[in-house]
Amino acid sequence: MLPGWPQTWWSYHKIMPLLAESYQVIVVELRGMGSSDKPMAGYSKKGMAGDVSALLDQLGIERTNIAGHDIGAAVAFSFAAHFPQKTEKLVLLDTPHPDENLYKLPMLPTGGGVHPWWVAFNQVRDLPEQVLEGRFHFVQNWLFDQLLEDKTAINAFDRQVYAQAYTSQDAIRASNGWYQTFPEDIDDSKGKRIEAPTLGIAGRAGYQMLSYALPPYIDQLDVKEIEGSGHFVQEERPLETIRFIQDFLG
C-alpha cells in the first residue's frame, strides 16, 4: 500500500490491522516521504515504482497486490504498467495516473468543486519550501477541511503526525518533486496498458474522475463509489474501503 500527498504511512492506520487478518500488509513511504530518504532527484512515478520493485526483490516477494492513494495511486499504476510480471491485482484509491488531461486544469476557479491550485503551486521550484517551512500544516489542514466530507475523520492527532512529516524544507521540496515530474509521468504512461485486474475506489467526485480517466488504460476495470466520502476514503470510510478491497482480492 502506497500513501499520497500530503500524508505518510499513517493514512492506512485504520485499515492495516483488519487487512492484516487476511493478508501480509506492507505500507511503503515513497521516496521523499516521511522517514524515507529525500534525494534531489528520482521522483518520476516510473522511478518510484522501481523503488517498490527493488524493495519487493529485497523481501523475496515475486508477485503482489498493490494499492495506492493520491500520488501513491499514480505510483501503483506505474508499477502495474512497468512491472506486470510482479503485479497480481491493482487498487487505485480516488486518483488516476497523470495524463494529458492535467493540461486542461483551469488556472482559476470555475465554481465547480475544489480548485486544485496546489497542482500548479507544487510545480514551482525553491519558493514553496522557503514560504512553508514550519507552516505546512496550514496547507494540510485546509486540504483536509476542503476534501473531507467528515472533517473529524482525520483528527487532531492525525494532523499532527502529517504536519511533523512535512515541516522541513527538504520534506516540502521532495514532496513537490512528485508533482514536478508530471510531464515525464505523462510521457511514460503513453501507450501503456494495465494487464492486471484493477479496482478503483473513490468518493463521489473521485468516482467520476476514475470512471473517465482509467478505461483508456485498463481492460479489466471495476470502479466503486463510497457514498459520503471525500478524497481520503481509507480514513473517512475505512470499513467500506476494506470491504471493497477484500471482495476484489478474494
Side-chain angles (χ1 to χ4, degrees), residues 1-4 7-30 33 45-46 48-97 153 189 192-204 206-211 213-250:
M1 308 195 86
L2 310 179
Q7 298 182 286
T8 66
W9 75 270
W10 184 250
S11 66
Y12 290 109
H13 77 277
K14 293 181 180 179
I15 69 174
M16 288 168 63
L18 293 174
L19 286 176
E21 294 177 1
S22 304
Y23 312 98
Q24 180 186 26
V25 178
I26 302 170
V27 180
V28 180
E29 290 192 325
L30 301 169
M33 176 184 290
K45 309 309 160 291
K46 180 179 178 181
M48 292 198 290
D51 291 340
V52 176
S53 175
L55 174 62
L56 293 176
D57 289 343
Q58 187 174 7
L59 296 174
I61 298 173
E62 295 182 358
R63 287 179 66 83
T64 188
N65 300 303
I66 188 164
H69 176 253
D70 193 82
I71 291 294
V75 178
F77 179 103
S78 188
F79 180 90
H82 294 283
F83 301 95
Q85 74 281 5
K86 295 185 176 183
T87 308
E88 197 72 47
K89 293 183 177 181
L90 170 65
V91 179
L92 302 175
L93 301 176
D94 210 75
T95 311
H97 189 278
S189 70
K192 290 296 181 183
R193 301 292 301 179
I194 300 295
E195 301 173 2
T198 301
L199 173 66
I201 304 174
R204 180 178 55 189
Y207 175 81
Q208 296 174 348
M209 179 170 56
L210 294 185
S211 298
L214 295 180
Y217 302 96
I218 302 171
D219 293 323
Q220 302 180 67
L221 173 66
D222 189 14
V223 181
K224 300 291 188 182
E225 179 179 357
I226 297 182
E227 294 184 2
S229 179
H231 176 58
F232 303 95
V233 290
Q234 71 272 29
E235 291 169 282
E236 199 162 5
R237 292 289 184 269
L239 295 182
E240 293 93 327
T241 302
I242 288 172
R243 186 182 79 248
F244 284 139
I245 292 175
Q246 288 176 327
D247 290 347
F248 175 63
L249 297 183

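In what follows, every heavy atom counts, from backbone to side chain, and hydrogens, waters and symmetry copies are set aside. Being a predicted model, the structure only gives us computed values, none of them experimental.
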Interatomic spacing from [atom1] in [X] to [atom2] in [Y] - rounded to 0.5 Å:
{"X": "Leu249", "Y": "Leu19", "atom1": "CG", "atom2": "CG", "answer": "8.0 Å"}
{"X": "Ser211", "Y": "Leu221", "atom1": "OG", "atom2": "CG", "answer": "7.5 Å"}
{"X": "Leu90", "Y": "Thr198", "atom1": "CG", "atom2": "OG1", "answer": "4.0 Å"}
{"X": "Leu93", "Y": "Lys224", "atom1": "CG", "atom2": "NZ", "answer": "14.5 Å"}
{"X": "Leu210", "Y": "Leu199", "atom1": "CG", "atom2": "CG", "answer": "9.5 Å"}
{"X": "Lys46", "Y": "Phe83", "atom1": "NZ", "atom2": "CZ", "answer": "8.0 Å"}

Could you report the tightest heavy-atom contact between [X] and [Y], atom names first, then the distance?
{"X": "Phe248", "Y": "Pro197", "value": "CZ-O, 3.3 Å"}
{"X": "Lys86", "Y": "Phe79", "value": "CB-CZ, 3.8 Å"}
{"X": "Met48", "Y": "Leu30", "value": "SD-CB, 4.1 Å"}
{"X": "Tyr207", "Y": "Ala202", "value": "N-CB, 3.3 Å"}
{"X": "Pro96", "Y": "Ala213", "value": "CB-CB, 3.8 Å"}
{"X": "Thr87", "Y": "Ala80", "value": "OG1-CA, 3.4 Å"}

*Charged N to carboxylate O below 4.0 Å: is that the case for Glu88 and Arg63?*
yes

Can you tell me if [X] uses its side chain to pair, donor with acceptor, with the backbone of [Y] under 3.5 Å?
{"X": "Gln220", "Y": "Ala196", "result": "no"}
{"X": "Asp94", "Y": "His69", "result": "no"}
{"X": "Thr64", "Y": "Ile66", "result": "no"}
{"X": "Lys45", "Y": "His97", "result": "no"}
{"X": "Ser11", "Y": "Thr8", "result": "yes"}
{"X": "Tyr12", "Y": "Leu2", "result": "yes"}
{"X": "Glu236", "Y": "Gly230", "result": "yes"}

Any side-chain heavy-atom pair of [X] and [Y] under 4.5 Å:
{"X": "Arg204", "Y": "Glu225", "result": "yes"}
{"X": "Ile201", "Y": "Ile245", "result": "yes"}
{"X": "Gln234", "Y": "Met1", "result": "no"}
{"X": "Ile61", "Y": "Ile26", "result": "yes"}
{"X": "Thr241", "Y": "Lys14", "result": "no"}
{"X": "Phe244", "Y": "Val233", "result": "no"}
{"X": "Leu239", "Y": "Leu18", "result": "yes"}

_Exceeds 12 heavy-atom contacts within 6.0 angstrom, atom CD of Gln246_ =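 Yes, the 6.0 Å shell around CD holds more than 12 heavy atoms from other groups.
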
_Counting only heavy atoms not in Gln85 (residues, nucleotides, ligands), do more than 12 fall under 6.0 Å from its CD?_
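Atom CD in Gln85 is packed in, count exceeds 12.
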
*How are the rings of Phe77 and Tyr217 set to each other: parallel, tilted or perpendicular (split at 30° and 60°)?*
perpendicular

